[in-house]
Protein chains: 2
Amino acid sequence: MTEGRSRRPGPRIEEVARVAGVSKSTVSRVINGEKYVSERSRQAVHRAIALLGYSPNHAARTLAGSKANAIALVVSEQGSRVLTDPFFAGVLRGVHAELAGRHVQLLLMMNQPSDGAGQVAYLTGGHVDGALVVSLHGEDPLPRTLHETGLPIVVGGRPLAGGSFPFVDSDNFNGALEAVRHLISLGREKIATIAGPADMAVGMDRLSGWRCGLAEHGLAVKLVVHSDFTPEAGALAMERLLHIAPDLDAVFVAADIMALGAMMVLQARGYQIPDDVAVVGFDDSVVAATAVPPLTTVRQDVEQFGRTMTWRLLAELAGEEKLPLSILLPTSLVRRASA
Amino acid sequence: MTEGRSRRPGPRIEEVARVAGVSKSTVSRVINGEKYVSERSRQAVHRAIALLGYSPNHAARTLAGSKANAIALVVSEQGSRVLTDPFFAGVLRGVHAELAGRHVQLLLMMNQPSDGAGQVAYLTGGHVDGALVVSLHGEDPLPRTLHETGLPIVVGGRPLAGGSFPFVDSDNFNGALEAVRHLISLGREKIATIAGPADMAVGMDRLSGWRCGLAEHGLAVKLVVHSDFTPEAGALAMERLLHIAPDLDAVFVAADIMALGAMMVLQARGYQIPDDVAVVGFDDSVVAATAVPPLTTVRQDVEQFGRTMTWRLLAELAGEEKLPLSILLPTSLVRRASA
DNA sequence: GCGGTCTCTGGGAGCGCTCCCAGATGCGGT
DNA sequence: ACCGCATCTGGGAGCGCTCCCAGAGACCGC
């Protein structure tokens, strides 16, 4: 006697119910963390689940229920750049960690060149309950579009374009402020900055921090060069700064990876780091510790970043009230040899 | 009159059937590309689908059918290390690209410290049709365990532990061989290597390539130091090499990231690169081009790596026969300033 | 003629859950 | 005593599909 259909292996909810001595309704309630379940039942169900190695069928839950039990992580940028970024990797790790234990699937989506509308259709088509959007450029319309359709989202990084959707960001302003205060405490007075792109909040916030730090002590806030987050652009920016002010004694660079390029130029021009010019970076990425000299930088906890985004989204999906619209995560100065 | 339950939007298969003037069985057959459907019916169904903007419900298909319409990408290692690895990021991109357009979902799984058995249970529990396993350490039992349960898998990187499951790997041996031949063509004769861990195939294969390259020209194959894939370990390894052989004139380093550390040490000791010591890395990761001096390295196409793994798995799931058990992807030398 | 095989079709059971409903119990206030 | 109201429980319909089955034709060879 063979089974007609090839059934999926593993126990069903019905069997858990039998073992626990309750109905499948009660098992379902326990799985979904609903109230109105006695402590006795709850524990019996947990024991039965552990005993049988039960794991609920995602498809069945989704089909029967009114939610998809999945969230999307949308990387809103040419994947090539983002994915090789340690920032993204850390965020992904955090998201995954926060999802552990909950029965929520993570769907990864990246902007295919051809996508666009298809992506929005998929996201709003009921396949996911919410989305985490890592949107690197300020002008990206995706967060707004998704938010307008009513899909719960959390954006990673403060959105420049206004709009009032929830976001999580590192405290870029205070990180930069702390960096500048540190440079000032070192006795530096001619402190330049290599800022990030003006169309990204992360760039603008770090620049604001630098400005405030200088203003606090009545120092000049003129030595600014914008750049993008590559070593080459950082090198170019440093050259322009040295051209304007050959006698600067410190640089706050808005990203470690740019700082690398800047340090190359400084050393090539014969400046000693940190004796002639102190350098502070931002991110505390892997390259900071292995730079020559090791880079003093502002640390942001990217894994916490991912965890927090996920927590915020799940809380909203769970119907929690009075959630903060935005969350800023602390940054901290990591002192190494360069400043 | 409000709807009792909040239904998902969009038409069902039943409605498509009505519009096309056939039964839902026939619509199902068309969707799944089965034979035994008349051309007339097929076209009518296609027209109805287009007219209604119908898109089949993933959960329902999975629940009713015998397949999950999803595959897992299992990262079998402490996520912390792996995820910040550009290698992983590239693979992920490739997997995603290959999946585009097919109705297959990608599930990301990482080894939580607590997991283990739970992970296996989930994977073999019918939630996925197959798994991509990026297994970095040779002794990892996961691929074998999964394979024994009958779950189709493709392993990324040659498994050390034997076992006959499909895998995809870069041609590490020939990449290393080419690197050494290049060094020899430069007139170098005392060529050391900083090898990867001995428990990883990627480490062993690159080491073998180095050995063969030297043996071809009757050069000594003594200068080996094992290390792991971090800059710090690379630096330490370089120090040990210099201690053994201060007069070496070239190093083949089994990973760019280790080469970074090695180059720091060489420069600190006053060696000129490449004049005194030529350095060749492996991977052609982002850091290679921005190193000082820019690093000559062996390029592997990590995105292609991911694509190939995915292609192989989907082909097997589609029931294709005579698929190659293992696939080696070509590597190529990228010449920059360091050698 | 008659059986066999291949092609095409519709009906309907059932995949494993969630969620509605109805009922049972306990506790407080009137 | 009565009615609420909150807490806990089980039964069962049904989510939208796939896949089995049965059956209707069409065509073949004997």
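Quick note on labels: first sequence line is chain A, next is B, and so on, each numbered from 1.
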May I ask you to verify if any side-chain N or O of A/Thr62 is less than 4.0 angstrom from the OP1 or OP2 atom of C/dC17?
no

Using whole Å, report how far CG of A/Asn69 lies from P of D/dC15.
18 Å

Name all residues meeting the side-chain contact (heavy atoms from CB on, under 4.5 Å) criterion together with B/Asn32; count only those two or more places apart in sequence or in a different chain, and write none if there are none.
B/Ser28, B/Glu34, B/Arg61

Less than 3.5 Å apart, any donor N or O on the side chain of B/His58 or A/Thr62 sitting next to an acceptor on the other?
no

Pairing residues for B/Asp129 by the side-chain hydrogen bond (donor to acceptor under 3.5 Å, both in side chains) criterion, not counting sequence neighbours
none

Could you tell me how far apart A/Leu63 (CG) and D/dG14 (P) are, to the nearest whole angstrom?
14 Å

Within this structure, what is the NE2-to-P distance between B/His58 and C/dC17, rounded to whole angstrom?
16 Å

From CD of B/Glu14 over to C1' of D/dC17, roughly how many Å is that when rounded to an integer?
10 Å

Mind checking what makes side-chain contact (heavy atoms from CB on, under 4.5 Å) contact with B/Ser38, not counting sequence neighbours?
B/Arg40, B/Ser41

Could you give all pairs that pass the salt bridge (Lys or Arg N to Asp or Glu O under 4.0 Å) test and reach residues 301-319 of chain B, with sequence neighbours left out?
B/Arg93-B/Glu303, B/Glu98-B/Arg307, B/Arg312-B/Glu316

Less than 3.5 Å apart, which donor and acceptor atoms pair up between the side chains of residues 141-152 of chain B and the rest of the protein, not counting sequence neighbours?
from     : atom 1 : to       : atom 2 : distance (Å)
B/Arg144 : NH2    : B/Ala161 : O      : 2.8
B/Thr145 : OG1    : B/Pro141 : O      : 2.8
B/Thr149 : OG1    : B/Leu146 : O      : 2.6

Within residues 17-27 of chain A, find the residues that approach DNA chain D with a heavy atom at under 4.0 Å, and present them sorted by residue number.
A/Val22, A/Ser23, A/Lys24, A/Ser25, A/Thr26

What integer distance in Å separates B/Asn57:CG from C/dC15:C1'?
13 Å

Separation of B/Ile13 atom CD1 from C/dG12 atom C1', in whole Å?
14 Å

Can you name the side-chain contact (heavy atoms from CB on, under 4.5 Å) partners of B/Ser326, sequence neighbours left out?
B/Phe167

Got a sec? Which of residues 29-45 of chain A come in under 4.0 Å of DNA chain D, heavy atoms?
A/Arg29, A/Tyr36, A/Val37, A/Ser38, A/Ser41

With B/Val19, which residues qualify under side-chain contact (heavy atoms from CB on, under 4.5 Å), at least two apart?
B/Ala48, B/Leu51, B/Leu52

In terms of heavy-atom contacts, A/Ala60 and B/Leu63 come closest through CB-CD1, 3.7 Å

A/His127 NE2 to D/dC15 C1', straight-line distance once rounded to whole Å:
15 Å

